[in-house]
Number of protein chains: 2
Amino acid sequence: MCAVIDYSSGVPVYRQVANAIRDDITAGRYRPGAWLPSEAQLAQMYEVGRDTVREALAYLRAEGKITTVRKRGSMVAAEVTREAHHVPPGARVIARMPTPDERRDLATSVELREFGGIPEGVPVFEIFPGARKHRKVLRGDQVELVIDPPENK
Amino acid sequence: MCAVIDYSSGVPVYRQVANAIRDDITAGRYRPGAWLPSEAQLAQMYEVGRDTVREALAYLRAEGKITTVRKRGSMVAAEVTREAHHVPPGARVIARMPTPDERRDLATSVELREFGGIPEGVPVFEIFPGARKHRKVLRGDQVELVIDPPENK
DNA sequence: CATCATTTGTCCGTATGTATT
DNA sequence: AAATACATACGGACAAATGAT
């Protein structure tokens, strides 16, 4: 029934599996917050090895689509509402993946306990405000930058 | 010489290996663009299984620190100069990981041929300009957003 | 042009510790 | 308490593509 793995396509099998699972997520067959089948089950479903499933899950983690909890399983990432963050004129902003330190510092207490930090696949904003104020690092999955319209003062 | 893996720390071994390699990268012992030792060599160096090394490399790929080329090896991600991109007042910006389509569309021709798309660990900006213009999706590793100062017109 | 060694991708068997039931 | 399920980790093995000889 599910999933045709094409071994002659040249596309790594783990990516084909990842694509199939991602399609199931986007199609709503796995809902946000729900647990995926276990690695062994997924391996059986797609008729591939466990290693391949593990790589596919790592791939989806890197995309931020799922988070994996040690000794529990992999969960579809929950949707969060983004909080507006106002950026002053003249600022510069880059997006990048967080450092290990930032992953620890930006985590909620729950995430820190469960995952050891913010999940994989979550980028950060690094904001350099105009003058010589300190730069800010914000979680990319929880904020939305709002460019302030010019004020008349 | 290199790397002490602490099996009693509770920290997964693959993460300890990833941390050790990352430290080597940040310390400049592996330069941008250089090939890492092969998986087999790394496994020997840290005295762990190849599975563990592969997981560590997947972890570093997700961080954008390295890119892996099939049948060739893993390379330290090259540094690029960011191009300035001006954002109009009133716009909203989010950062997220790209979809598979975007990974293909935003790749250079070289990346498309070598990796099949932009590398893992590269986030994107999604910019919603004020009115009802089309949204823009830009590579997070190549651009730097510049918030335009208010103009007087 | 042909051959060979290297390297990643993939699969399998097995073992262990831990969380949940 | 006991059993089950699962992530983590090790080892061996082969295929296919690449690069060097």
Side-chain angles (χ1 to χ4, degrees), chain A residues 3-21 30 34-62 66-76 110 113-117 119-120, chain B residues 3-21 30 33-62 65-77 110 112-117 119-120:
Chain A
V4 183
I5 302 299
D6 182 1
Y7 286 88
S8 62
S9 68
V11 179
V13 178
Y14 77 89
R15 288 211 192 180
Q16 297 186 45
V17 174
N19 291 339
I21 297 175
Y30 299 130
W35 294 102
L36 294 185
S38 73
E39 294 180 355
Q41 285 173 324
L42 289 170
Q44 207 169 8
M45 287 164 59
Y46 295 105
E47 297 177 312
V48 296
R50 293 187 306 279
D51 280 15
T52 308
V53 168
R54 287 176 65 73
E55 284 223 59
L57 294 180
Y59 197 73
L60 293 172
R61 272 200 303 275
I66 64 171
T67 60
T68 298
V69 183
R70 220 182 136 111
K71 282 147 193 155
R72 292 277 298 294
S74 293
M75 197 178 58
V76 179
V110 176
R113 192 177 63 244
E114 303 258 306
F115 316 127
E120 280 184 64
Chain B
V4 183
I5 302 299
D6 182 0
Y7 286 88
S8 63
S9 69
V11 178
V13 178
Y14 75 90
R15 287 212 193 180
Q16 297 186 45
V17 174
N19 290 340
I21 297 174
Y30 298 130
W35 294 101
L36 293 184
S38 73
E39 295 176 354
Q41 284 175 325
L42 290 169
Q44 207 170 8
M45 288 165 56
Y46 295 105
E47 296 177 311
V48 296
R50 192 160 80 101
D51 271 18
T52 308
V53 168
R54 286 177 63 76
E55 284 223 59
L57 294 180
Y59 199 72
L60 293 173
R61 272 199 304 273
K65 290 277 183 243
I66 65 171
T67 61
T68 299
V69 183
R70 244 180 116 117
K71 313 284 155 66
R72 292 241 263 140
S74 293
M75 199 177 58
V76 180
V110 176
L112 235 172
R113 192 177 63 242
E114 302 258 306
F115 317 126
E120 280 185 65

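Here is how names work: the chains are called A, B, and so on, in the same order as the sequence lines, proteins then strands, and each is numbered from 1. Side chains are part of it too, since the values below use all heavy atoms of this structure and drop only hydrogens, waters and symmetry mates.
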Engineer: Are any non-hydrogen side-chain atoms of A:Y14 and A:R54 less than 4.5 angstrom apart?
Structural biologist: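 Of all side-chain heavy-atom pairs linking A:R54 with A:Y14, none is under 4.5 Å.
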Engineer: Mind calculating the distance between CD (A:E47) and C1' (C:dT10) to the nearest angstrom?
Structural biologist: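 The answer, rounded to whole Å, is 15 Å.
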Engineer: Apply side chain to side chain contact (heavy atoms under 4.5 Å, CB included) to the pair B:M75 and B:V69, showing each step before the final yes or no.
Structural biologist: CA-CA 8 Å; B:M75 199 177 58; B:V69 183; 5.7 Å; no
Engineer: Check whether any side-chain nitrogen or oxygen of A:R54 sits under 4.0 Å from OP1 or OP2 of D:dA7, and answer yes or no.
Structural biologist: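 Result: no.
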Engineer: What's the shortest heavy-atom distance between A:L57 and A:E39, and which atoms?
Structural biologist: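 For A:L57 and A:E39, the tightest heavy-atom pair comes out as CD1-CG, 3.7 Å.
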Engineer: Tell me which nucleotide among D:dA9, D:dC10, C:dT10 gets nearest to the side chain of B:P12.
Structural biologist: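 Comparing D:dA9, D:dC10, C:dT10 against the side chain of B:P12, the answer is D:dA9.
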Engineer: Kindly point out which of C:dT10, C:dT8, D:dG19 is positioned nearest to the side chain of B:R72?
Structural biologist: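 So the nucleotide nearest the side chain must be D:dG19.
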Engineer: Send over the distance from B:I66 CD1 to C:dT8 P, rounded to a whole Å.
Structural biologist: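 Computing the B:I66:CD1 to C:dT8:P distance gives 10 Å.
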Engineer: Between A:S38 and D:dC6, is there a side-chain N or O to OP1/OP2 distance below 4.0 Å?
Structural biologist: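 For D:dC6, OP1/OP2 do have a side-chain N/O of A:S38 under 4.0 Å.
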Engineer: On a heavy-atom basis, which atom in B:A56 and which in B:V17 lie closest, and how many Å separate them?
Structural biologist: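 Distance-wise, the nearest heavy atoms are CB-CG1, 3.8 Å.
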Engineer: Over how many whole Å does the gap from B:L57 atom CG to C:dT7 atom C1' extend?
Structural biologist: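 Result: 12 Å.
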Engineer: Could you tell me the separation between the CZ atom of B:R70 and the C1' atom of D:dA16, rounded to a whole number of Å?
Structural biologist: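 Value for this atom pair: 8 Å.
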Engineer: Whole Å only: how far is the CD1 atom of B:I5 from the C1' atom of D:dC10?
Structural biologist: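 It works out to 14 Å between those atoms.
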Engineer: Relative to the 5' end of DNA chain C, which residue comes earlier, B:D51 or B:A40, by the nucleotide with the nearest heavy atom?
Structural biologist: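 Its nearest nucleotide being more 5', the pick is B:A40.
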Engineer: So do the side chains of A:I21 and A:Y46 get within less than 4.5 Å of each other, counting heavy atoms only?
Structural biologist: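 A side-chain contact under 4.5 Å exists here.
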Engineer: Check the distance between C:dG9's P and B:E39's CD and give it to me in whole angstrom.
Structural biologist: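 The answer, rounded to whole Å, is 6 Å.
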Engineer: Is D:dA1 paired to anything, Watson-Crick or G-U wobble with both distances less than 3.5 Å, and if yes, which nucleotide?
Structural biologist: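 Because no pair has both required distances under 3.5 Å, D:dA1 counts as unpaired.
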Engineer: Looking at B:Y14, does any N or O in its side chain come under 4.0 Å of the phosphate oxygens OP1/OP2 on D:dC10?
Structural biologist: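 Checking D:dC10 against B:Y14, no side-chain N or O comes under 4.0 Å of OP1 or OP2.
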Engineer: Tell me the interatomic distance from B:L36, atom CG, to C:dT6, atom P, rounded to whole angstroms.
Structural biologist: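 These atoms are roughly 19 Å apart.
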Engineer: Would the base of C:dG9 count as contacting B:R50 through its side chain, where contact means a donor and an acceptor less than 3.5 Å apart?
Structural biologist: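 Check passes, donor-acceptor contact within cut-off.
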Engineer: Rounded to whole Å, please give me the gap between NZ in B:K71 and P in C:dT7.
Structural biologist: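 My rounded result for the distance is 14 Å.
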